[in-house]
Amino acid sequence: MEEKNSSRNRWLHIRLTKEEFEQIDRNFKASVCRKRSDFVRRNLLRKPIVMRYRNESLDKLLQELIQLRTQLNFMGNNFNQSVKKLHTISEISDLRVWILSFDSDRNKYFSLVEEIKKHIENLAHKWLQS
């Protein structure tokens, strides 16, 4: 199939106010068009323009999930350090101290995991409502 010769050799000059240009520029930046001329041409010829869409609730969700991931990483690192320490303990008295410390840490971990689960449930509930 032969392609159409799309040589654009006609000029259209227009003058805009500062506000008009800024509005066109904002709309151009919100679109997926790579060139302003393509954006304006599509507008003038009433061709469809694909606009970017940013869901702010999704941004908030991602931000909270990143914080949750950070907390989980922190918990995992602490747990790994505890297990490494367990492997280095040679005396029974050291083991007793470690077990007491581990019980305290374990309770903190489980309460934090429960908090994270509730937070994720709330986020999922909010997400499903929107």
Side-chain angles (χ1 to χ4, degrees):
M1 264 190 141
E2 270 186 53
E3 290 186 25
K4 285 185 179 180
N5 183 4
S6 63
S7 172
R8 294 191 171 98
N9 55 12
R10 304 282 185 205
W11 283 86
L12 176 63
H13 301 277
I14 62 171
R15 292 189 178 269
L16 302 169
T17 65
K18 181 181 176 186
E19 292 78 20
E20 290 169 336
F21 182 81
E22 288 173 353
Q23 182 179 358
I24 289 172
D25 198 48
R26 275 193 308 273
N27 291 338
F28 162 66
K29 288 177 181 175
S31 75
V32 295
C33 295
R34 292 183 180 202
K35 296 182 179 180
R36 186 178 290 112
S37 60
D38 185 42
F39 174 77
V40 172
R41 188 179 303 109
R42 288 178 167 275
N43 264 317
L44 289 172
L45 299 175
R46 298 178 190 221
K47 290 185 177 179
I49 298 174
V50 177
M51 301 298 280
R52 293 186 184 125
Y53 175 73
R54 188 153 185 112
N55 187 339
E56 289 181 18
S57 65
L58 181 59
D59 289 346
K60 291 176 186 174
L61 174 66
L62 288 175
Q63 195 173 34
E64 290 182 21
L65 288 175
I66 288 168
Q67 289 175 348
L68 292 175
R69 182 184 64 193
T70 302
Q71 288 179 343
L72 288 173
N73 285 339
F74 175 74
M75 289 172 45
N77 288 338
N78 282 349
F79 186 75
N80 285 337
Q81 289 173 2
S82 298
V83 171
K84 285 180 184 178
K85 186 167 183 162
L86 175 64
H87 289 291
T88 62
I89 293 177
S90 59
E91 295 182 20
I92 299 294
S93 61
D94 288 342
L95 184 61
R96 287 186 186 140
V97 170
W98 182 85
I99 288 174
L100 292 173
S101 172
F102 182 75
D103 281 341
S104 170
D105 287 345
R106 186 186 63 197
N107 292 335
K108 289 178 193 175
Y109 295 154
F110 285 133
S111 68
L112 188 56
V113 167
E114 286 304 313
E115 182 181 332
I116 290 170
K117 285 180 183 178
K118 288 178 185 175
H119 201 59
I120 289 173
E121 286 177 23
N122 289 338
L123 289 172
H125 184 69
K126 288 178 186 176
W127 183 254
L128 291 173
Q129 285 182 345
S130 52

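When side chains are defined from C-beta on, Arg41 counts as touching Arg8, because their heavy atoms get closer than 4.5 Å.
The CD atom of Gln23 lies 14.5 Å from the NZ atom of Lys18; values are rounded to the nearest 0.5 Å. The distance from the CG atom of Leu112 to the CG atom of Leu68 is 8.5 Å, given to the nearest 0.5 Å. Taken to the nearest 0.5 Å, the CG atom of Asn27 stands 10.5 Å off from the SG atom of Cys33.
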Check: Given Val50 and Ser31, is the side chain to side chain contact (heavy atoms under 4.5 Å, CB included) satisfied, shown in steps?
Finding: CA-CA 6 Å; Val50 177; Ser31 75; over 6 Å; no

Note to self: Between Arg34 and Asp38, does the salt bridge (charged side-chain N to carboxylate O under 4.0 Å, His left out) criterion hold? Intermediate values first, please.
What the structure shows: CA-CA 7 Å; Arg34 292 183 180 202; Asp38 185 42; over 6 Å; no

Next item on the list: Could you check Glu115 against Phe110 for side chain to side chain contact (heavy atoms under 4.5 Å, CB included), going step by step and ending with a plain yes or no?
Entry: CA-CA 9 Å; Glu115 182 181 332; Phe110 285 133; over 6 Å; no

Checklist line | From CA spacing to verdict: side chain to side chain contact (heavy atoms under 4.5 Å, CB included), Phe39, Ile24 | finding: CA-CA 9 Å; Phe39 174 77; Ile24 289 172; 4.2 Å; yes

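Every salt bridge (charged side-chain N to carboxylate O under 4.0 Å, His left out) that Glu114 has, sequence neighbours left out, goes to Lys117. Judged as a side chain to side chain contact (heavy atoms under 4.5 Å, CB included), and not counting sequence neighbours, the contacts of Thr17 are Glu19, Glu20.
Side-chain heavy atoms closer than 4.5 Å link hydrophobic residues (I, L, V, M, F, W, Y) into clusters, and following such links, possibly through other members, connects Leu16 to Val40. Put simply, Phe28 and Val32 are part of two different groups of oily side chains (I, L, V, M, F, W, Y) that touch within less than 4.5 Å, one to the next.
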